[in-house]
Amino acid sequence: MTEREQTHGTNDQEIHLPLADLIRIRRQKIDQLKAQGITPYPYKYERTHAISESHEQFDALAAEEKVVRLAGRIMLKRKMGKAIFADLRDVSAKLQLYVKIDNVGQAAFDNFDLLDMGDIVGAEGTLFITRTGERTLKVTSWELLSKSLHPLPDKHAGLTDLETRYRRRYADLIINPEVRETFVKRTKIIQIVREFLNAHGFLEVETPILQPLYGGAMARPFKTHHNALDIPLFMRIADELYLKRLIVGGYEKVWEFCKDFRNEGMDRKHNPEFSMIELYWAYADYHDMAAFYEEMLRHTVKALFGGYKVNYDGREIDFEPKFRWLTMVGSIKDATGVDFTSMTDDEAKAAAKKLGVHESEKLINRGKAIEAVWELKVEPNLIQPTFIADHPVEISPLAKRHREDPRFTERFELFIAGQEMGNAFSELNDPMDQLERFMQQGKAIEQGDEEAQPLDDDFITALAYGMPPTAGLGFGIDRLVMLLTDQQSIRDVLFFPQMKETKEGTVPVSKILAQILEDEKK
RNA sequence: GGGGGUGUAGCUCAGUGGUAGAGCACCUGCCUUUUAAGCAGGGAGUCGAAGGUUCGAUCCCUUCCACCCUCACCA
């Protein structure tokens, strides 16, 4: 414990962590810099080049001894007597700085010596190559742009602790370049899809996130409250019902990039807040949508990688061949030899149990039984892109009945690498049928199914005005990004995944700073 | 919710029933084209939290917290 800490222990708890000492040292450096007339947090810096540009134009800039001004974070620092080398990094690239006492003068040299890894600086000088062949900026003057108080993670070992990486994503991004790259890819994927949809005449729209009634998916919602209206509101779990209202209204192609919220378990594939894209296409059916979606994915992969092969979790996924198309009951028959097509509820339940479906599954009807068998016997094997089509009507309350068999629906889900990558229907537009499905769902709610959908009067009203035949599709953006960036956890494609609050153990940095602030005032 | 694992310095990690170590980072000194710079010296820890056993716990026991894996539930 230092003298300083013993003297100023006025807080309820004395902070004597090594981290606090490291921060104090950096505060003292700020004082020394201020004494030299340096502002630790100035307002701006005029750059002439991004660091990547200094690399691209290096030969010309070096030959002409052009003065360049760069800015970024100091990632490494090596003092060699009367010269200091430092690695400067901006968003685009990294370049070495060479600060020599003869070039900048004694004062600027000593001040640079006070800098730490993590500090943000601007530097002016000319470019050259060192004896060891490294491109370098020979600094003639420099400015401190922001003093870093908290030490960076280890310069070699990096930051690997998952909890810290998620809770302090900024530290993760500073230290792990591949993480920055993953999120850039995320943005690119969304851009590619957006451009594709726009190019095909789909209108990007926005619909309510706060809704008086939730629907459009099977999930438990988040509930909140509006004070002025004094009414309960739900965070949306899907966009479906609002986008279909827009189709009723006369738009023929609409889509939305939607943040959805589902109040359910969290794991590697689920975050309570996630992103989907939903699109609705009037006068088309689910076959049209399947072809369109297949083309969109193929285009996205090509635009992103230049080819059609994607590696995920050690496997190669090929987007070039036409995606397989299997019906749900057909794929079960292929895998087990059992044909569920014409079974009654009781027959289907018995068959499901015989095929090893777990006791705990709620096999309340034929549809649930088929789904359970399918999940057990077929789903895990769907590595290459495969459409699974024509789900039982019981598990598809918003899909139109199959034109050839009313026990099933015109619906498909796409599976890639064992993951669902989209869900689409020929949308149910018969208001009477839709009403009956809602009433069916109502019974399920009464039986304790917390994920069944409540009756939406206004949606039925909209359908009563008449909705053209329409195909609709929804797919999870996070899952698509996982697939295309070879990430196995949704948390690695969300900047700030949901985490539980920690109350014990670590002392918040703000508390350390508060005590230092208090000490400095004395 | 069940099972398994992890939690020690700012970071990455060793370790022990007798109040703790390494590398990086940090501090001091030397070094004017170095580069995981080097050399010499030094400082730094509520060993996740709370109880218990014990003469003595970071270690053993109990409970709790967070994170990871896995099964279940769930899209």
Side-chain angles (χ1 to χ4, degrees), chain A residues 1-2 5 13-26 28-29 75-87 94 96-104 109 116-118 128-136 138 148-168 171-172 174-175 217-220 237-238 260 262-272 274 276 358-362 371 375 379 395 413 419-423 449-451 474-476 478-479 488-491 497 499-507 509 512:
Chain A
M1 193 183 288
T2 66
E5 285 164 321
Q13 254 189 329
E14 182 78 11
I15 299 171
H16 46 91
L17 295 168
L19 175 59
D21 291 334
L22 293 174
I23 291 175
R24 282 194 182 92
I25 287 165
R26 292 186 177 208
Q28 286 159 13
K29 287 176 175 177
M75 300 305 292
L76 276 176
K77 205 176 143 220
R78 301 176 286 277
K79 191 180 177 188
M80 271 274 311
K82 299 202 161 30
I84 299 170
F85 294 89
D87 286 1
K94 197 168 71 177
Q96 177 171 263
L97 302 182
Y98 177 53
V99 181
K100 188 165 68 156
I101 195 163
D102 298 345
N103 292 336
V104 298
F109 179 81
D116 292 289
M117 288 188 277
F128 76 109
I129 294 183
T130 63
R131 271 181 217 148
T132 49
E134 175 138 356
R135 289 172 178 168
T136 303
K138 188 183 291 178
S148 164
L149 289 179
H150 195 294
L152 291 183
D154 188 280
K155 63 182 178 182
H156 311 302
L159 179 66
T160 59
D161 179 71
L162 280 178
E163 190 173 351
T164 310
R165 287 187 45 219
Y166 296 146
R167 290 187 191 279
R168 300 189 181 176
D172 189 27
I174 289 170
I175 213 75
M218 308 280 220
R220 279 144 64 192
I237 59 172
D260 291 336
R262 297 188 183 176
N263 206 342
E264 293 180 343
M266 290 164 55
D267 59 31
R268 229 173 6 164
K269 292 177 183 170
H270 301 265
N271 194 68
F274 65 102
M276 299 228 302
H358 199 269
E359 297 282 337
S360 65
E361 294 275 357
K362 292 174 217 141
E371 187 181 34
E375 283 174 359
E379 184 178 17
I395 60 168
E413 291 178 289
Q419 288 204 41
E420 191 229 290
M421 207 59 75
N423 183 19
D449 186 347
E450 292 185 83
E451 299 188 334
F475 58 97
D478 310 297
R479 300 246 175 118
Q488 275 68 49
S489 171
I490 194 170
R491 297 186 151 191
M499 304 290 281
K500 286 194 202 170
E501 208 180 346
T502 46
K503 291 168 188 150
E504 290 172 345
T506 52
V507 178
V509 173
I512 295 173

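Below, all heavy atoms of this structure are taken into account, side chains as well, without hydrogens, waters or symmetry copies. Chain identifiers are assigned alphabetically (A, B, ...) following the order of the sequence lines, protein sequences preceding nucleic acid strands; residue numbering begins at 1 within each chain. Please read all numbers here as calculations on a predicted model, not as lab measurements.
With rU46(B), rC74(B), rU12(B) as the choices, the nucleotide that has an atom nearest any side-chain atom of Leu17(A) turns out to be rU46(B). Looking at the side chain of Leu76(A), the nearest of the listed nucleotides rG45(B), rA37(B), rU12(B) is rA37(B). Listed candidates were rC74(B), rG10(B), rU34(B). Nearest to the side chain of Met80(A) is rU34(B). Here rU32(B) is the nucleotide among rU12(B), rC67(B), rU32(B) with the atom lying nearest to any side-chain atom of Lys82(A). Across rU12(B), rA25(B), rG10(B), the shortest atom-to-atom separation from the side chain of Met117(A) is found for rA25(B). The side chain of Asp154(A) sits closest to rG10(B) out of rG10(B), rU35(B), rC68(B).
Between Arg268(A) and rU70(B), a side-chain N or O to OP1/OP2 separation shorter than 4.0 Å is present. Of the side-chain N and O atoms in Arg78(A), none sit less than 4.0 angstrom from OP1 or OP2 of rU34(B). OP1 or OP2 of rG23(B) has not a single side-chain nitrogen or oxygen of Lys155(A) nearer than 4.0 Å. Note on Arg165(A): every side-chain N or O is 4.0 Å or more away from OP1 and OP2 of rC67(B).
Taking atom CE on Met266(A) and atom C1' on rC73(B), their separation rounds to 15 Å, with Å as the unit. Between Arg24(A) atom CZ and rG43(B) atom C1' the separation is 14 Å, expressed in whole Å. Protein atom CD1 of Ile512(A) is 13 Å distant from nucleotide atom C1' of rG45(B), rounded to whole Å. Summarising the geometry, the separation between CD on Glu501(A) and C1' on rC67(B) is reported as 15 Å, rounded to the nearest angstrom. Taking atom CG of Asp102(A) as the reference point, atom C1' of rU33(B) lies 12 Å away to the nearest angstrom. Atom P of nucleotide rC73(B) and atom CD of Glu264(A) are separated by 13 Å, given to the nearest angstrom.
Remark: the separation of the C1' atoms in rC60(B) and rG18(B) is 15 Å, to the nearest Å. Taking atom P in both rG21(B) and rG4(B), one finds a spacing of 34 Å when rounded to whole Å. When the P atom is compared between rU58(B) and rG43(B), the two are found 24 Å apart, to the nearest whole Å. Of the C1' atoms belonging to rG48(B) and rA9(B), the separation is 15 Å, rounded to the nearest Å. When the C1' atom is compared between rC39(B) and rC47(B), the two are found 32 Å apart, to the nearest whole Å. Atom name P, nucleotides rG29(B) and rA49(B): the rounded distance is 37 Å, in whole Å. A gap of 39 Å separates the P atoms of rC74(B) and rC11(B), to the nearest Å. The separation of rC59(B) from rU8(B), taken at their P atoms, amounts to 14 Å, rounded to a whole angstrom.
Here CG of Leu19(A) is found 4.0 Å from CD1 of Ile512(A). Values are rounded to the nearest 0.5 Å. The distance from the CZ atom of Arg24(A) to the CG atom of Leu149(A) is 12.0 Å, given to the nearest 0.5 Å. Considering CD of Gln96(A) and CZ of Phe128(A), their distance stands at 7.5 Å, rounded to 0.5 Å. Taking CG of Asp267(A) as the start and NE2 of His270(A) as the end, the distance is 4.5 Å to the nearest 0.5 Å. In this structure, CE on Met75(A) lies 5.5 Å from CG on Leu152(A), to the nearest 0.5 angstrom. Rounded to the nearest 0.5 Å, atoms CE (Met117(A)) and NZ (Lys77(A)) are 8.5 Å apart.
As judged by a 4.0 angstrom heavy-atom cut-off over every strand, Gly158(A) is placed among residues touching the sugar-phosphate backbone only. Nucleic acid contact class of Gln419(A) (heavy atoms, under 4.0 Å, all strands): none. Nucleic acid contact class of Glu134(A) (heavy atoms, under 4.0 Å, all strands): base. Using a 4.0 Å heavy-atom distance criterion, Ile101(A) is classed as a base contact. Using a 4.0 Å heavy-atom distance criterion, Arg167(A) is classed as a sugar-phosphate-only contact. Looking at heavy-atom distances under 4.0 Å, Gln488(A) makes no contact with the nucleic acid at all. Using a 4.0 Å heavy-atom cutoff across all strands shown, Lys29(A) reaches sugar-phosphate atoms only and no base atom. In this structure, Lys79(A) reaches the bases: a heavy-atom distance under 4.0 Å links it to at least one base atom across the strands shown. Among the protein residues, Leu19(A) comes within range of the sugar-phosphate backbone only, with heavy atoms under 4.0 Å from sugar or phosphate atoms but none that close to a base. Here Asp161(A) lies in heavy-atom contact (under 4.0 Å) with sugar-phosphate atoms only.
Between the side chain of Asp21(A) and the base of rG43(B), no donor-acceptor pair of N or O atoms lies under 3.5 Å. At a cut-off of 3.5 angstrom, the base of rU12(B) holds no donor-acceptor pair with the side chain of Thr160(A).
Paired with Lys138(A) under the rule side chain to side chain contact (heavy atoms under 4.5 Å, CB included), one option of Asn103(A), Val104(A), Thr130(A) passes, and it is Asn103(A).
Scored by the side-chain hydrogen bond (donor to acceptor under 3.5 Å, both in side chains) test, Thr164(A) finds Asp161(A) as partners (sequence neighbours excluded).
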Original post:
Pairing of RNA chain B as dot-bracket, 5' to 3': ( ) intra-strand, [ ] crossing, | other strand, . unpaired, with Watson-Crick or G-U pairs under 3.5 Å?
Top reply: (((((((..((((....[..)))).(((((.......))))).....(((((..]....))))))))))))....
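Side-chain atoms of Phe274(A) and Arg479(A), non-hydrogen and from C-beta on, never get closer than 4.5 Å to each other.
Nearest-nucleotide positions on RNA chain B place His150(A) closer to the 5' end than the other of His150(A) and Gly133(A). Both Arg131(A) and Ala157(A) lie near RNA chain B, and the one whose nearest nucleotide falls closer to the 5' end is Ala157(A).
Between Asp87(A) and Arg78(A) there is a salt bridge, with a side-chain nitrogen of the basic residue lying less than 4.0 Å from a carboxylate oxygen of the acidic one.
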